[in-house]
Amino acid sequence: MAVAVWTLRPAGSRLVAGGLLLLWAILGGLLLFHDAFYTRLDVAGARMLPPEALAAASGIDGLQIFWVNPEEAAAAVRRRFPTLRDATVRCRWPASCTLFVVEGQAPWEWVSGDLRLLLDEKGQAVEGGAAEAQRRLEVYGLPPLAPGQRVDPWLWGRMQDLSRAFPEIQAFRYEAGRGFSFIDPYGWQVLLGEFGSMRARAAVWRALRDLLAAQEQRPAYLDLRVPEAPVVGFPSQR
């Protein structure tokens, strides 16, 4: 009798093992194919950038949760949107993830016709969607930039001079051969030219602006291309 029981035990063990394997296969199938384990991604912190574009850049929206790497997803978002100050991904069981972003500001926006690109701290054009920029340069007479291309070093240096000399001005115009200009807050055009000290031009502009405002004068333009000999142009009287 004892021999009979001994011979039945291996068969029973195999039956139990097979049942456990079947159970694990069923559970594995549920984990792999059930909708509850496919990532649902929310985006938090986006003000200017479209949440849909941020989610797409992460590459994990709708991905099976066991294949999600939060660090790699956040890094992919930062690569796609270099103007972001920070991006992190946090996930909760079973498959809920949130992309947290902190938007930054690009130093410049480059505008050439219908083309709008952001420039990073090195003067390289980046695709930034609707991200904000501290200043804008409308460009005329130059070839358009492409994403990844850098602004001419001379022009980029002049743009940095403008930002330091005129911190209160956010929008400038550049026309090849004629130089830079902007619209004074009082409404008149200020011509700056291309070469020479922008700080000197800024000092003359502020002095003339205060003088003209005190006299209630409204010129058509201020020509500061030669700061030692500024020209104030008034509208022609008919």
Side-chain angles (χ1 to χ4, degrees), residues 48-49 79-84 103-213 217-237:
M48 299 294 295
L49 293 169
R79 287 194 299 270
R80 175 62 180 81
F81 297 94
T83 58
L84 288 174
E103 293 183 351
Q105 282 190 323
W108 285 87
E109 180 185 28
W110 177 280
V111 181
S112 179
D114 295 331
L115 174 68
R116 292 177 177 268
L117 289 171
L118 298 178
L119 303 179
D120 65 14
E121 292 79 2
K122 297 180 180 178
Q124 180 172 306
V126 298
E127 294 181 283
E132 295 177 331
Q134 296 173 357
R135 291 177 179 80
R136 182 177 75 252
L137 182 67
E138 296 182 7
V139 181
Y140 299 86
L142 292 180
L145 284 178
Q149 184 179 357
R150 285 192 177 186
V151 177
D152 176 84
W154 175 85
L155 181 57
W156 180 243
R158 294 272 75 190
M159 293 164 66
Q160 303 317 296
D161 292 341
L162 287 175
S163 64
R164 289 188 290 265
F166 300 92
E168 62 270 72
I169 303 301
Q170 280 76 49
F172 294 88
R173 172 189 173 109
Y174 177 77
E175 186 175 350
R178 298 193 62 181
F180 297 94
S181 62
F182 66 89
I183 301 300
D184 184 280
Y186 284 104
W188 51 70
Q189 187 181 33
V190 181
L191 306 174
L192 302 173
E194 291 187 285
F195 305 101
S197 171
M198 289 299 172
R199 289 187 182 276
R201 289 168 170 80
V204 175
W205 164 64
R206 293 187 180 94
L208 285 175
R209 177 193 59 186
D210 295 343
L211 178 62
L212 293 167
Q217 300 280 354
R218 297 190 63 84
Y221 64 88
L222 302 179
D223 189 342
L224 305 180
R225 287 176 289 184
V226 182
E228 298 81 5
V231 177
V232 181
F234 289 92
S236 59
Q237 299 292 330

- CD1/Ile183 to CD1/Ile169 distance, rounded to the nearest 0.5 angstrom? 10.0 Å
- Query: Out of curiosity, Asp161 CG to Arg199 CZ, how far, rounded to the nearest 0.5 Å?
  - Reply: 8.0 Å
What closest approach, in Å, do [X] and [Y] show between heavy atoms, and which atom pair accounts for it?
X: Leu191; Y: Ser181; value: CD2-CB, 4.0 Å
X: Ser112; Y: Leu142; value: OG-O, 4.5 Å
X: Gly233; Y: Pro219; value: O-CB, 3.3 Å
X: Val190; Y: Asp184; value: CG2-CB, 4.0 Å
X: Arg136; Y: Arg116; value: CD-NH1, 4.2 Å
X: Phe180; Y: Met198; value: CD1-CE, 4.0 Å

Do [X] and [Y] have side-chain heavy atoms sitting under 4.5 Å apart?
X: Leu208; Y: Asp210; value: no
X: Leu155; Y: Tyr174; value: yes
X: Arg206; Y: Glu168; value: yes
X: Gln134; Y: Gln170; value: no
X: Ser163; Y: Arg135; value: yes

Spell out, as yes or no, whether a donor-acceptor pair under 3.5 Å connects the side chain of [X] to the backbone of [Y].
X: Gln160; Y: Gly157; value: no
X: Ser197; Y: Ala200; value: yes
X: Asp223; Y: Arg225; value: yes

- Got a sec: does the CZ of Arg209 have more than 12 other heavy atoms crowding it under 6.0 Å? yes
- Could you tell me whether Trp188 and Phe234 have their ring centroids closer than 6.0 angstrom? no
- Message: With a 4.0 Å cut-off on N to O distance, would you call Glu194 and Arg158 a salt bridge?
- Response: no
- Glu228/Arg201 ion pair, N-O < 4.0 Å: no
- Message: Checking Trp108 against Asp120 for the side chain to side chain donor-acceptor pair (under 3.5 Å) test, could you report, in this order, the C-alpha distance in whole Å, the side-chain angles of both residues, the deciding distance, and whether it holds?
- Response: CA-CA 7 Å; Trp108 285 87; Asp120 65 14; over 6 Å; no
- Start with the C-alpha distance between Trp205 and Leu222, add both sets of side-chain angles, then the distance that settles side chain to side chain contact (heavy atoms under 4.5 Å, CB included), and finish with yes or no. CA-CA 8 Å; Trp205 164 64; Leu222 302 179; 4.0 Å; yes
- Begin from the C-alpha positions of Gln124 and Leu119 and carry the test side chain to side chain contact (heavy atoms under 4.5 Å, CB included) through to its verdict. CA-CA 5 Å; Gln124 180 172 306; Leu119 303 179; over 6 Å; no
- Stepwise side chain to side chain contact (heavy atoms under 4.5 Å, CB included) check, Met159 with Leu137: CA-CA 9 Å; Met159 293 164 66; Leu137 182 67; 3.7 Å; yes
- Task: Run the numbers on Arg178 and Arg173 for side chain to side chain contact (heavy atoms under 4.5 Å, CB included), then give the verdict.
- Result: CA-CA 10 Å; Arg178 298 193 62 181; Arg173 172 189 173 109; over 6 Å; no
- Task: Go through Phe172 and Phe182 one step at a time and tell me if the ring pair (Phe, Tyr, Trp, His ring centres under 6.0 Å) criterion holds.
- Result: CA-CA 5 Å; Phe172 294 88; Phe182 66 89; 5.7 Å; yes
